[in-house]
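Keep in mind that this is a model prediction, so the values were computed, not measured. Counting starts at 1 for both ligands and their atoms, following the listed order.
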Amino acid sequence: MGLFDALPPEVSLYEVSLRDGLQNERATVLLRDKLRLADALATAGLKRIELTSFVSPKWIPQLADADEVARHAPRFPGVVWSALCPNERGLERAKAAGMTEIAVFMSASETHNQRNVNKTIAETLATFDNVIAPAVAAGIRVRGYVSTAWGCPYEGDVPPAKVLWVAQELAKRGCYQVSLGDTIGCGTPRQTRDLLRLFFRDFAPSYLGLHMHDTRGTALANVLVGLEMGIRDFDASVGGMGGCPYAPGAAGNLATEDLVYMLDGMGVSTGVNLEKLVEAGKVAESLVGRPLPGKVHQSGIRSLRA
Ligand code: HMG
Ligand code: MG
């Protein structure tokens with residue numbers, strides 16, 4: 001059976017521009033402008049949107065207004081807003097803001113984990129004992145991220161067995177889904193196939209999401225491999241904004257417009273209106289004050305002449 005025999009009728013997108021995108025921008029974006037982008041993304045039909053991070057404002061000053069952003073998130077039917085939470089303090093802030101979903105995050109490589117959250121992997125998991133179960137008990141769904149799943153900016157190759165182990169630890173603690181992060185966008189399709197094959201010994205494809213950064217232009221190719229192998233959840237960021245300030249060389253995420261363009265053209269529904277999404281990308285660009293790298297964002301949906 002080939003790729004085009006295995007295509008699903010629909011997939012679920014998880015938008016990260018307001019979080020992964022803005023955490024990495026120099027520009028300070030005002031609260032009202034963040035809310036304007038949130039509105040534009042939901043208007044385009046995105047249903048799962050990461051809004052901000054309840055992390056330390058000293059570590060990520062761009063998202064220091066997380067509590068306000070979350071409190072003022074626009075209400076759209078069927079839209080679930082989420083936010084990163086590194087610890088108990090983050091969970092308390094998320095609860096106070098009325099969040100119904102949060103995301104915990106950690107890395108499969110020690111050095112990136114240490115640089116990103118100032119803790120070892122073991123300490124991070126211990127911290128999550130006080131985040132995931134209490135959140136779930138309070139009716140808050142928890143997504144988990146495994147960063148550096150394809151490679152680490154400090155350590156290079158990361159053993160796939162370690163990536164799997166970290167995901168298992170997150171699953172055990174109650175995450176409803178684990179998103180595998182190619183934090184520095186170094187993954188290639190064969191590596192993606194091999195990693196997913198390993199994962200599928202323990203996990204159903206429906207449990208996993210792919211969070212690809214497009215640093216080296218391989219994000220869509222990796223998504224296509226995931227799609228063929230049964231993955232139905234993909235993270236993306238409008239305009240291709242994004243990066244991790246604690247991962248040198250991490251460029252933007254896969255652009256949501258590029259992903260929707262490809263999926264639309266293949267007859268795979270995302271529930272997103274591409275024209276409106278392109279408008280949201282323009283809003284994002286105007287807020288950050290620099291040209292965004294997304295391909296469809298730059299070229300438009302179609303420029304063919306009849
Ligand atoms: P720390 O300095 O080790 O923490 O930071 P601490 O517990 O010792 O506390 C130090 C100070 O931070 C204290 O304040 C705490 O109150 C405060 P002080 O007494 O100095 O005034 N603090 C907090 N404030 C607000 N909210 C909190 C909070 N926690 C402590 N939740 C910490 C540890 C985890 C907090 C810090 O390292 C941090 O915030 N790191 C965040 C890093 C980050 O957000 N990175 C980017 C996101 S990850 C990513 O992009 C990858 C991803 O996209 C997937 C992929 O691409 O692979 C998800
Ligand atoms: Mg990321």
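- The aromatic rings of Phe203 and Phe199 sit parallel to each other, their planes meeting at less than 30°, with 60° as the upper class boundary.
- Inclusion of Asp20 in the first shell of the Mg ion (ligand 2) is supported: an N, O or S atom falls under 2.8 Å.
- In this structure, Thr192 contributes its side chain and Asn222 its backbone to no donor-acceptor pair below 3.5 Å.
- The closest approach between Ser179 and ligand 1 stays at or above 4.0 Å for every heavy atom of the residue.
- When only interatomic distances are considered, the shortest N/O to N/O separation between Pro86 and ligand 1 does not fall below 3.5 Å.
- In this structure, Arg89 does not pair ionically with Glu92, as no charged nitrogen and carboxylate oxygen lie closer than 4.0 Å.
- Taking a cut-off of under 4.0 Å to the non-hydrogen atoms of Gly181, the atoms of ligand 1 that pass are 57 (O).
- Across Met212, Arg89, Lys58, heavy-atom proximity to atom 16 (O) of ligand 1 is greatest for Arg89.
- Backbone and side-chain nitrogen or oxygen atoms of Ser147 are examined, and one is located within less than 3.5 angstrom of a nitrogen or oxygen of ligand 1.
- Listed by atom number, the atoms of ligand 1 under 4.0 Å from His213 heavy atoms are 56 (O).
- Residue Pro57 has at least one heavy-atom neighbour below 4.0 Å for each of these atoms of ligand 1: 24 (N), 25 (C).
- Ion pairing between Asp39 and Arg36 fails under the 4.0 Å rule for side-chain N and carboxylate O.
- Under 4.0 angstrom from ligand 1, the non-hydrogen atoms of Thr183 come from both its backbone and its side chain.
- Backbone and side-chain nitrogen or oxygen atoms of Phe105 are examined, and none is located within less than 3.5 angstrom of a nitrogen or oxygen of ligand 1.
- The proximity of Leu84 to ligand 1, defined as any non-hydrogen pair under 4.0 Å, is limited to the side chain.
- Between the OG1 atom in Thr124 and the CG atom in Asp129 there is a gap of 11.0 Å [rounded to 0.5 Å].
- Under the rule for a side-chain contact (heavy atoms from CB on, under 4.5 Å), the partners of Ser147 that lie at least two apart in sequence or sit in another chain are Ser107, His112, Thr183.
- With salt bridges taken as basic N to acidic carboxylate O contacts below 4.0 Å, one links Asp67 and Arg93.
- The shortest N/O to N/O separation between Asn116 and ligand 1 falls below 3.5 Å.
- Residue pairs satisfying the ring-ring contact (aromatic ring centres under 6.0 Å, His included) criterion with at least one member in residues 34-89, sequence neighbours excluded, are listed as follows: Trp59-Tyr246.
- Asp214 contributes atom CG, which lies 9.0 Å from atom CG of Asn253 (distance to the nearest 0.5 angstrom).
- For a threshold of 3.5 Å applied to N or O pairs, the pair formed by Asn87 and ligand 1 contains at least one separation below that value.
- Any N or O atom pair closer than 3.5 Å counts here, and Ser53 shares no such pair with ligand 1.
- Residue Gly90 has at least one heavy-atom neighbour below 4.0 Å for each of these atoms of ligand 1: 31 (N).
- Placement of Met229 and Met262 within a single hydrophobic cluster is found when ILVMFWY residues are connected by side-chain heavy-atom separations under 4.5 Å, directly or transitively.
- For Glu88, the heavy-atom gap to ligand 1 stays at 4.0 angstrom or more.
- Against a heavy-atom cut-off of under 4.0 Å, Ile60 is close to the following atoms of ligand 1: 43 (C), 44 (O), 45 (N).
- A salt bridge links Lys282 to Glu279: at least one charged side-chain nitrogen sits closer than 4.0 Å to a carboxylate oxygen.
- Taking a cutoff of 4.0 Å between a charged side-chain nitrogen and a carboxylate oxygen, Asp233 and Arg143 do not qualify as a salt bridge.
- For the pair NE2 of His213 and NE2 of His211, the angle whose vertex sits at the Mg ion (ligand 2) is 90° to 10 degrees.
- With a 4.0 Å cut-off on non-hydrogen atoms, Ala149 does not touch ligand 1 at all.
- Between atom 31 (N) of ligand 1 and the options Phe54, Tyr145, Trp59, the minimum heavy-atom separation is to Phe54.
- For ligand 1, the polar-atom distance check finds an N/O of Arg19 within less than 3.5 Å of one of the ligand's N/O atoms.
- In this structure, Glu25 pairs ionically with Arg290, as a charged nitrogen and a carboxylate oxygen lie closer than 4.0 Å.
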